[in-house]
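All of these numbers come straight from a predicted model, not from anything done at the bench.
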Amino acid sequence: MSIYVGNLSYQVTEEELKLAFKEYGTVNRVQLPTDRETGRPRGFAFVEMESDTQEQAAIDALDGAEWMGRDLKVNKAKPREERSNSSRGSWGGGNARRNSNRY
């Protein structure tokens, strides 16, 4: 499992996140997603710790805490939802069956 950390400063680094969470246990991994176009952090991260107990201690201590001038949102990360092509909208293909007999 991993922890979602939201409302982060755009200046935060992976190393700073590791140091902040290290106080609650062993940090196995930090993911700091960046914007594809600008390369800037997107304002959230995922932190994986060694055990669920350590993750819960970090969540309890850091959710709502002020860090780098922002109130953090810290909770268990939810599994990523599968995206289907239909959720992105239709480019006319949805009406193909209805319109196929109009020729």
Side-chain angles (χ1 to χ4, degrees):
M1 193 58 141
S2 65
I3 300 170
Y4 167 83
V5 186
N7 201 32
L8 288 172
S9 166
Y10 293 111
Q11 284 74 41
V12 73
T13 65
E14 285 185 19
E15 192 59 37
E16 289 169 326
L17 280 167
K18 283 180 188 176
L19 289 172
F21 279 81
K22 191 170 120 176
E23 186 175 332
Y24 305 98
T26 302
V27 177
N28 291 337
R29 182 172 159 185
V30 173
Q31 289 179 283
L32 189 62
T34 56
D35 184 89
R36 288 183 191 150
E37 293 179 22
T38 65
R40 277 184 20 171
R42 295 177 62 193
F44 65 92
F46 297 97
V47 177
E48 292 178 15
M49 300 186 77
E50 195 167 85
S51 72
D52 288 342
T53 305
Q54 292 174 3
E55 287 182 355
Q56 192 59 53
I59 291 168
D60 292 343
L62 296 174
D63 187 36
E66 185 189 340
W67 191 54
M68 299 180 103
R70 295 179 155 234
D71 293 334
L72 296 179
K73 177 69 177 159
V74 183
N75 54 39
K76 287 229 181 245
K78 296 176 184 165
R80 187 172 187 172
E81 292 182 14
E82 290 290 322
R83 288 186 180 182
S84 66
N85 290 338
S86 63
S87 67
R88 292 185 171 199
S90 176
W91 290 95
N95 294 326
R97 191 177 301 150
R98 265 189 285 165
N99 296 332
S100 63
N101 296 330
R102 291 189 179 178
Y103 294 102

Test item: Tyr10 and Asp35 side chains (from C-beta on) under 4.5 Å apart, heavy atoms: no

Side chains of Ile3 and Phe21 in contact at under 4.5 Å (non-hydrogen atoms): yes

Approximate separation, where rounding is to 0.5 Å, of [X] [atom1] and [Y] [atom2]:
X	Y	atom1	atom2	result
Asn7	Glu66	CG	CD	10.5 Å
Asp71	Leu62	CG	CG	12.0 Å
Met49	Ser2	CE	OG	12.0 Å

Full working for side chain to side chain contact (heavy atoms under 4.5 Å, CB included) between Asp52 and Gln56: CA-CA 6 Å; Asp52 288 342; Gln56 192 59 53; over 6 Å; no

Group every Ile, Leu, Val, Met, Phe, Trp and Tyr by side-chain heavy-atom contacts under 4.5 Å, then state whether [X] and [Y] land in the same group.
X	Y	result
Met68	Tyr4	no
Val74	Phe46	no
Val47	Phe44	no
Leu72	Val12	yes

Step-by-step side chain to side chain contact (heavy atoms under 4.5 Å, CB included) determination, Leu17 to Leu8: CA-CA 10 Å; Leu17 280 167; Leu8 288 172; 4.1 Å; yes

CA sep, side-chain torsions, deciding dist, call: Val27, Glu14, side chain to side chain contact (heavy atoms under 4.5 Å, CB included): CA-CA 11 Å; Val27 177; Glu14 285 185 19; over 6 Å; no

Over all atoms of both residues, closest heavy-atom pair of Pro33 and Ala45: CD-CA, 4.1 Å

Within residues 20-32 or reaching into it, pairs that qualify as side chain to side chain donor-acceptor pair (under 3.5 Å) - sequence neighbours excluded: none

Glu16: partners by side chain to side chain donor-acceptor pair (under 3.5 Å), with sequence neighbours left out: Thr13

